[in-house]
Structures are given as C-alpha cells and as structure tokens.
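Step one of this worksheet: look at the structure below.
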Amino acid sequence: MLEISIFELRNTVTELEKRLISTEDEGNEWKTRYEIQVELNKQLERQINILREKVEHIRGNPADKLSIVCTFDQMLVGFLKEVLKQLEEEKKSLQNQLKDYELRLEQEAKAYHKANDERCMYLSEILQTSATLKNVERKKTDALTRNTQILRRRYSVPGNTKKVNPQKGVIKKTVGVKQHPRLKH
C-alpha cells in the first residue's frame, strides 16, 4: 500500500514539474513581450520628443515668428487648412497609438504577473508533495527497520553478525539461533 502511495506521489511530482516547466516557458514569453513593449514605448517617447523639438523650432523665438508668419501669409488659405487638418489627424493618430500601446502594456503586465503567480503556486505544490513523499519514504524505512527488529527479537537473531579484530581484520560469525521456528506438518 505504501509503495502504491509512493508511486502515485512520484507521478504527481513529475506531472507538476512538467506543468511548472510549461508555465516557466509562458512566463518567459510574456516577459519577452513586456520587454519589447517597454522598448517600443521608449521609441515612441523619443519620437514625441523629436516632434516637440520640431514644434518648438517652428514656433521659435519672437523674431523668427514673423518670418514664419510671412511664410504662412504667402500660402493660400485652402492649403493652410489642409496642412492644419493633416497635422490634427496625425496628432490624433499618434495619441490613439500611444493609448493602444499603454493598454497593451498594461494587459501584458497583468498576464505576466498571472503566469508568474501560477508558477509560484506550482513550485509550492511541488515542494509540499516532495516533502510528503520524503515523509512517506521515511515512514516506510522506519516500518521496515521495526519489522526486522521484531523478527530478530522473536527469533533471537543478533543485530550485528560481524565484529572487527584489529589484528586479524573482520571476523565472520555464524548466526546463533536459540529457538528454531516450529514446523507445521
């Protein structure tokens, strides 16, 4: 019965270890996605800073404003409206893209943490099962030791049959039995 129990516990441990390995792989996938998303966000922030610098350059200092106004004054009103619409659409597109990236980053961070929590849960389950398996194996060896001790006492068999003589080495002794078991006819 103990051997069956130990066998089942070992199967459970191997199954949990397989699940842990698959969960760790998922964790690495989510971690990689998370890192890629963070890098993408950094690139977008750099692009935003570059665009801000361009806007500042266009706005410039008060002396340059007059030259820009003169340039815009020379443009047709219809063309200025088209440029303004295009810039507004580009701004909205970039804002929407940034929101999408933030949302994806948040979702992937949640998924990563969930997978990491599952991995920790599987690890603790494996540790508990391993501890239970060790206890069962220890109890089994204790039971075997007790059974052999009971048999030795019952049939008067000495525990250690070998003794060491420092001059001659190991001395072999035959087992002395005080009582022989009764034979049934």
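- The structure places CG of L127 at 15.0 Å from OH of Y122, a figure rounded to the nearest 0.5 Å.
- Connection of I36 to Y101 is not established within any shared hydrophobic cluster, with ILVMFWY side chains joined at heavy-atom distances below 4.5 Å, either directly or through further cluster members.
- Remark: N135 engages R138 in a side chain to side chain donor-acceptor pair (under 3.5 Å) (not counting sequence neighbours).
- Open room surrounds CD on Q86; 12 or fewer heavy atoms of other groups in view lie less than 6.0 Å from it.
- With sequence neighbours excluded, the residues satisfying salt bridge (charged side-chain N to carboxylate O under 4.0 Å, His left out) with E137 are R10.
- Remark: L84 CG is packed, more than 12 non-hydrogen atoms of other residues, nucleotides or ligands lying under 6.0 Å away.
- Listed by chain and number, the residues in a salt bridge (charged side-chain N to carboxylate O under 4.0 Å, His left out) with K110 are E106 (sequence neighbours excluded).
- Taking 4.5 Å as the limit, some side-chain heavy atom of L51 sits within range of a side-chain heavy atom of L94.
- With contacts defined as side-chain heavy-atom distances shorter than 4.5 Å, the pair I48/L98 qualifies.
- How far CD of E17 is from CG of L123: 10.0 Å, rounded to the nearest 0.5 Å.
- With sequence neighbours left out, E3 forms a salt bridge (charged side-chain N to carboxylate O under 4.0 Å, His left out) with K140.
- To the nearest 0.5 Å, the span separating CD on E8 from CD1 on I4 amounts to 7.0 Å.
- Taking OG1 of T14 as the start and CG of L9 as the end, the distance is 10.5 Å to the nearest 0.5 Å.
- Legend: residues meeting side chain to side chain donor-acceptor pair (under 3.5 Å) with E15, ordered by chain and number and at least two apart, are R19.
- Under the side-chain hydrogen bond (donor to acceptor under 3.5 Å, both in side chains) criterion, the residue pairs touching residues 36-47 are Q37-N41, Q37-R104, with sequence neighbours excluded.
- The CE atom of M121 sits 10.5 Å away from atom CD1 of I126, with the distance rounded to the nearest 0.5 Å.
- Not a single donor-acceptor pair under 3.5 Å links the side chain of S93 to the backbone N or O of E89.
- A distance of 10.0 Å separates NZ of K139 from CZ of R146, quoted to the nearest 0.5 Å.
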